[in-house]
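So you know, we letter chains A, B, ... as the sequences are listed, proteins then strands, and number each from 1. This is a predicted model, so every value here is computed, not measured.
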2 protein chains.
Amino acid sequence: MLDEKKVKQVVDFDKAPGERETPGFELPLLLFAGFRTLIDELHAELARQGHPDVRPAHGFALQAIGLGPDAASTTEVGRSLGVSKQAAGKTVDRLVELGYAERSDDPADARRKLVRLTPHGRDALARSAAIFEALRTRWATALGGDRLRDLEDALRTVTPAESFGLDASAWLRG
Amino acid sequence: MLDEKKVKQVVDFDKAPGERETPGFELPLLLFAGFRTLIDELHAELARQGHPDVRPAHGFALQAIGLGPDAASTTEVGRSLGVSKQAAGKTVDRLVELGYAERSDDPADARRKLVRLTPHGRDALARSAAIFEALRTRWATALGGDRLRDLEDALRTVTPAESFGLDASAWLRG
DNA sequence: TTCTTTTCGTCAAGCACGTTGTCGATTCTA
DNA sequence: TAGAATCGACAACGTGCTTGACGAAAAGAA
């Protein structure tokens, strides 16, 4: 890494001016632009479908609450999101305020409070899944199904598995 | 958009179980994972090279300060970053504390304070560029140059130009 | 020129969202 | 059963953004 001589070799070797490689700093910007585009369009469409209050951070939290077959505890939600249990508690508070989640006591453990999605929350999650499907279809139409599949495969190749969690919102603070 | 019937057609039509399309929600996660991987590796390497204090948000700000030929004002930096001038002012304060930028009076306008990169700041920016180049080369090695170029082209196709700014850090609040 | 409007940078207050530390209550374990 | 671990809440705080207000300086119009 950082061997600039080698970089120059690989990047500019025998290239005519018009077909020089794109500068390296564009790659993260392109990836982020793609991510942002999808998330923005998701939330614009969610707002149109009766969920104007959902924010990106809420979406990840809804997913974290809703994924398991059993109801999750606040602490578990925090682990899924990569944040402290206190932060998760506050996020759950907010989702309860907004009517997306509800708490109940765990009959098997008096310390725990179970967090469940309300019908409204399940609706948001189901619509999100459908919208993501539609957005992917739009990309497949614009790019061709093969190119999109290859894009996904390529990203799977270069990203370690641990980059994959729902802790996206927790990351940006870094 | 959101025509679920059409989605099902395109996604699952005539596919054997093994070659079904990847679910739509993975696409944003893959894009974000790629972005995060690059940024994490950039900052890990920057830390090794004498810049342990630079954070992702700082990197974008350094870029915003350093891009023009002339020194920028705080307000202009804010515009580049997509945040208010007050927020930009605080970010510049922090960069000044860390030794990456310095303020000076504008001889032509007593209201303005010019923001300039220090040699330390220019060093960070130059090293960032080199590291991004090296990271892109690593991806090119892992994927093949053609696939990487196609990935970049594909992302350029599906992302609107206005998603491209340095206002990445300002975005997550949405 | 003088008056008005705009712009620059700062101060202040507040919000969103994360952190660490502490605590009582409850459960697990040795 | 005594001690350790865990759950969720409360408090205090940090960061980074927002809006609103303000004085000083510049720009535009009379």
Side-chain angles (χ1 to χ4, degrees), chain A residues 36 43 53-62 64-65 68 70-98 100-116 165-174, chain B residues 53-62 64-65 68 70-98 100-116 165-174:
Chain A
R36 175 211 286 230
H43 287 280
D53 311 319
V54 192
R55 316 249 162 186
H58 301 153
F60 287 105
L62 287 178
I65 295 172
D70 308 329
S73 71
T74 304
T75 299
E76 287 161 359
V77 171
R79 267 198 277 271
S80 297
L81 296 176
V83 301
S84 65
K85 59 183 179 176
Q86 294 90 332
K90 291 186 190 182
T91 301
V92 171
D93 286 343
R94 184 150 285 267
L95 290 176
V96 170
E97 278 176 35
L98 294 173
Y100 288 101
E102 59 190 0
R103 291 180 211 260
S104 58
D105 294 332
D106 186 337
D109 186 337
R111 295 170 306 175
R112 289 161 53 98
K113 301 278 181 66
L114 299 181
V115 187
R116 270 201 203 81
L166 293 170
D167 55 342
S169 54
W171 176 84
L172 249 252
R173 60 181 141 77
Chain B
D53 311 319
V54 193
R55 313 247 162 214
H58 301 151
F60 288 105
L62 287 178
I65 294 171
D70 308 330
S73 71
T74 303
T75 299
E76 288 161 358
V77 171
R79 266 198 278 271
S80 297
L81 295 177
V83 301
S84 65
K85 58 185 180 176
Q86 295 91 330
K90 290 187 188 181
T91 301
V92 171
D93 286 344
R94 185 150 283 267
L95 290 176
V96 170
E97 278 175 34
L98 294 173
Y100 288 101
E102 58 191 0
R103 292 182 211 259
S104 58
D105 293 332
D106 186 337
D109 186 337
R111 293 170 307 176
R112 288 160 54 95
K113 302 275 180 72
L114 300 181
V115 187
R116 272 201 203 80
L166 294 169
D167 55 341
S169 54
W171 175 82
L172 246 253
R173 62 182 141 78

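- Atom CZ of Arg94(B) is separated from atom C1' of dG14(D) by 9 Å (rounded to the nearest Å).
- Closest to the Ser73(B) side chain, of the nucleotides dA16(C), dG9(C), dG20(D), is dG9(C).
- In this structure, the NE2 atom of His58(B) is 14 Å from the C1' atom of dC17(D), given to the nearest Å.
- With dT18(D), dT19(C), dT26(C) as the choices, the nucleotide that has an atom nearest any side-chain atom of Ala87(A) turns out to be dT19(C).
- As rounded to whole Å, 16 Å separates atom C1' of dC15(C) from atom CG of Asp93(A).
- We find that CG of Leu81(A) is positioned 16 Å from C1' of dA16(C), with the value rounded to whole Å.
- Asp53(A) approaches His58(A) most closely through the heavy-atom pair O-ND1, 3.5 Å.
- Within the nucleic acid shown, Lys113(B) comes within 4.0 Å of sugar-phosphate atoms alone, with no base atom in reach, counting heavy atoms only.
- Ranking dG8(D), dC10(D), dC11(C) by closeness to the Arg112(A) side chain, first place goes to dG8(D).
- Taking atom CG of Asp109(A) as the reference point, atom C1' of dC28(C) lies 10 Å away to the nearest angstrom.
- The shortest non-hydrogen separation linking Val54(A) to Tyr100(A) is CG2-OH, 3.1 Å.
- Distance CD (Gln86(B)) to P (dC8(C)): 12 Å, rounded to an integer number of Å.
- Backbone-only contact: Thr74(A) has heavy atoms under 4.0 Å from sugar-phosphate atoms and none from a base.
- Among the protein residues, Thr75(B) comes within range of the sugar-phosphate backbone only, with heavy atoms under 4.0 Å from sugar or phosphate atoms but none that close to a base.
- Put simply, CZ on Arg111(B) is 16 Å from P on dT5(C), counting in whole angstrom units.
- Along DNA chain C, the nucleotide closest to Lys85(B) and the one closest to Lys90(B) are compared, and the more 5′ of them pairs with Lys85(B).
- Looking at heavy-atom distances under 4.0 Å, Ala110(B) makes contact with sugar-phosphate atoms alone, never a base.
- Across the protein-nucleic acid pair, Leu114(B) atom CG and dT7(C) atom C1' stand 15 Å apart, rounded to whole Å.
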